[in-house]
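Everything numeric here is computed off the predicted structure, so don't read it as measured data. Just so it is clear: chains get the letters A, B, ... in the order the sequence lines come, proteins before strands, and each one is counted from 1.
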Amino acid sequence: MKLKQSVLLLAVLGLAVGAAYASDPKIEALARSCNSCHGLNGVSAGPSMPSIGGQSEAYLKNIMLQWKSGKRYSATMGRHFKGYSDEELAGLAAYFSQLPWTPVVQHADAKVLAHGKEATDRCETCHGATGGKPDDAETPRLNGQWAHYLALELEKYRNGEVAMTHKKMRKNAQKLEAADVPAVAHFYAAQPE
Amino acid sequence: MNSFNRRNFIKAAIAAAPASAFLTLPQTAHAGKKASVVVVGGGYGGATAAKYLKLMDPALDVTLVERNPIYTSCPLSNEVISGHGKIEDLQIGYDGLKKRGINVLFDDATGIDAAKKTVSLKGGKTLNYDALVVSPGVDFNYTAVEGYSEALANSSHPHAWKAGAQTLALKKKLEGMQDGQTFVLSVPKGPFRCPPGPYERASQVASYFKHHGMNKCKVIIADANDSFSKKGLFEQAWARQYPGMIEWVSGANGGQVVKFDAASNTASSDFNAYKGDVVNIIPPHHAGAIAKHAGLTNDKGWCPVDMLTMESTLHKDVYVVGDACVHGDLPVYAAPKSAHSAATQAKVAVGAIIAKLHGLPAPEPFFVNTCYSITAPGWGFSVVHVYRVKDGKLVYIKEAGGISPVKMASEEQLVLQRKLEAEYAIGWLKNIMADAFA
Ligand SMILES: Cc1cc2nc3c(=O)[nH]c(=O)nc-3n(C[C@H](O)[C@H](O)[C@H](O)COP(=O)(O)OP(=O)(O)OC[C@H]3O[C@@H](n4cnc5c(N)ncnc54)[C@H](O)[C@@H]3O)c2cc1C
């Protein structure tokens, strides 16, 4: 008991070294700083900011490293990640991927939802019918993500000028009509799973 | 500004409640009795500290002393003055912290005895602590501007540098203005809370004028300083959105206001007189009064702390976070006085306190800050600071952080970038409020 307690303590305080990422306390200490923008446990309370807890490790790691290298466009995030080592970013990806994905289900008009459902036909192969069952680890969950964030993100993919690295996703986003964007965002945001 | 969706906000906050990310400590190794931590001041620094103390060590006895039952956020309060935001969206109580098992006392801390380790309250109580967090924000030095006073601030001439009643009073004064009139904003010598804040306020005032077709109005910024935060970004925004409307006078050009005459609404420096129809004087400030009273301040009125733990260098077991502290002697890159800095500092202090209570060395700290500013609806930008520990010292990481790009490859990119950051500013606020209070 005594031993277990002190191991726990070391872990909470970020003093243990060499632990696996999942419980690496140094990573937890870094992760606490993310809460200011992404919410406790990566569940965002702000509609323009994404929830990140429970996204897949591969997706998280990929985009964070792309931001650090400057390969991928971001408005704010990239400037942060230049201050982290690759190992820390990998650790953060592992850490947030192990938290539960917590959809914040947002209600919308039936008409908007119907429009959104139709417009997401072509998205289904990769994102699943509701955005909650991505077909591979590089694809993020969309169900219960904030609608406002999703719409802004789609704007990035649709804007031909900023560096969004995933060509197929970009093409798909560009095929949407402008009026589809909010409907699609509300559709995914309304899905519990 | 998007209106605050309270239902979703609460849902998200509740979803986050179990805090499964945190390992919990079975008990505090403190001679059988629970260790007590008292937090003075329930703003961004103090509320975050209280919450994370309890999250990271549920066995702790945590008491928060705050004089107001409702907190009003300064961030995004400039947008309330211009009418783009609502003050209700910036207000929050302490039920969230109470639900987490924190003992919240609405009282005024009137004395700290660092030798006896006690805090005395106006209401008569005396609290014992093993560790104390002090986050009282700022108080103002009214004597620095002759003729200005706390009484004027609370009646006809609000500074509105603490959000609340004065924010609404200044908004009302702005709404009483007519086309062709002048708004004078006086900025004190740094350090002051929110380095980009005054320039954001000037932008929001101009935004109000433009929105109401009052295109002959002027904003004069009489500044005691010779440069300012995100200057290139602000000047670009002003040239695009408010050409000719905002005039900035640097300290070197006589911008430092030392005198105010309320009868003629004139603020003067040693060289110039600025007559306005509305004059908004931001007085210089120092650490909240309790910090000075407790002997936690240096000769400049701020609280020196150990950069790695936030422990006061003047009193043991007292940790000062937020605006009240001077975070290190980094000449150019000292941590700015912002809500984001206060929250990160609070989390670092919490780690150090829990370690110390358990007889362990302090964990390696990590500091990050982001300040967003909005100059007009859909036009926002930011500055990011990242600090890391290298060779036992806190250093600013030059490769990271910095300001949003001033120039981009195309107009389309620039417009997208500014739009995104205007939206993220609002999302940031909701999260940082929830992270402190929910
Ligand atoms: C116009 C404006 C815009 C701003 N915009 C931003 C922004 O966009 N982003 C950003 O990061 N920051 C911004 N800031 C700065 C931010 O508001 C402060 O940095 C932040 O509030 C600091 O937190 P704090 O805990 O140190 O102090 P505060 O938030 O001021 O909290 C101090 C608390 O302590 C209480 N208190 C004080 N003394 C006692 C006592 N003796 N007993 C009991 N209670 C006491 C007070 O009532 C208060 O609630 C802005 C500030 C202003 C003025």
Exercise: do A:Ser36 and B:Asn431 side chains pair donor with acceptor under 3.5 Å |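 No.
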Between A:Arg79 and B:Ser382, a side-chain donor and acceptor under 3.5 Å = yes
What part of [X] lies closer than 4.5 angstrom to a heavy atom of chain A: side chain, backbone, both or neither?
| X | answer |
| --- | --- |
| B:Val415 | neither |
| B:Val384 | both |
| B:Thr48 | neither |

Test item: [X] side-chain N/O and [Y] main-chain N/O as donor-acceptor pair under 3.5 Å:
| X | Y | result |
| --- | --- | --- |
| B:Glu399 | A:Lys82 | no |
| A:Glu161 | B:Glu412 | no |
| B:Lys347 | A:Arg32 | yes |

Could you list all the ring-ring contact (aromatic ring centres under 6.0 Å, His included) pairs where at least one residue sits in residues 72-93 of chain A, not counting sequence neighbours?
-> A:Phe81-A:Tyr84, A:Tyr84-B:Phe366
What's the spacing between A:Asn159 CG and B:Gln417 CD if we round to 0.5 Å?
-> 11.0 Å
How would you list, in number order, the residues of residues 108-130 of chain A that have a heavy atom less than 4.5 Å from chain B?
-> none
Find out whether [X] and [Y] are in side-chain contact, i.e. whether some heavy atom of one side chain is under 4.5 Å from a heavy atom of the other.
| X | Y | answer |
| --- | --- | --- |
| A:Thr76 | B:Phe381 | no |
| A:Leu40 | B:Leu55 | yes |
| A:Met49 | B:Ile426 | no |

Under the salt bridge (charged side-chain N to carboxylate O under 4.0 Å, His left out) test, which residues partner B:Arg418, sequence neighbours left out?
-> none
Test salt bridge (charged side-chain N to carboxylate O under 4.0 Å, His left out) applied to B:Lys419 - qualifying residues, sequence neighbours left out =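 B:Lys419 satisfies salt bridge (charged side-chain N to carboxylate O under 4.0 Å, His left out) with A:Glu155 once adjacent residues are dropped.
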Using a cut-off of under 4.5 Å for heavy-atom pairs, which of B:Thr344, B:Ile397, B:Ile403 has the most such pairs with chain A?
->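 The candidate making the most pairs under 4.5 Å is B:Ile403.
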For the candidates B:Ala425, B:Ala409, B:Gly401, B:Pro365, which exhibits the highest count of non-hydrogen atom pairs separated by less than 4.5 Å from chain A?
->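 That would be B:Gly401.
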Part of A:Ser51 within contact of chain B (heavy atom distance under 4.5 Å) =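 Neither part, no heavy atoms under 4.5 Å.
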Evaluate the criterion side chain to side chain contact (heavy atoms under 4.5 Å, CB included) for residue pair B:Lys430 and A:Ser44; output intermediate values, then yes/no.
-> CA-CA 9 Å; B:Lys430 309 255 194 276; A:Ser44 174; over 6 Å; no
Between A:Ala75 and B:Tyr424 the two heavy atoms that sit nearest each other are CB-CE1, 3.7 Å
Please indicate whether A:Glu193 has more than 12 foreign heavy atoms, meaning atoms of other residues, nucleotides or ligands, lying under 6.0 Å from its CD.
-> no
If you draw a 6.0 Å radius around NZ in B:Lys230, do more than 12 non-hydrogen atoms from other residues or ligands fall strictly inside?
->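 More than 12 heavy atoms, drawn from other residues, nucleotides or ligands, come within 6.0 Å of this atom.
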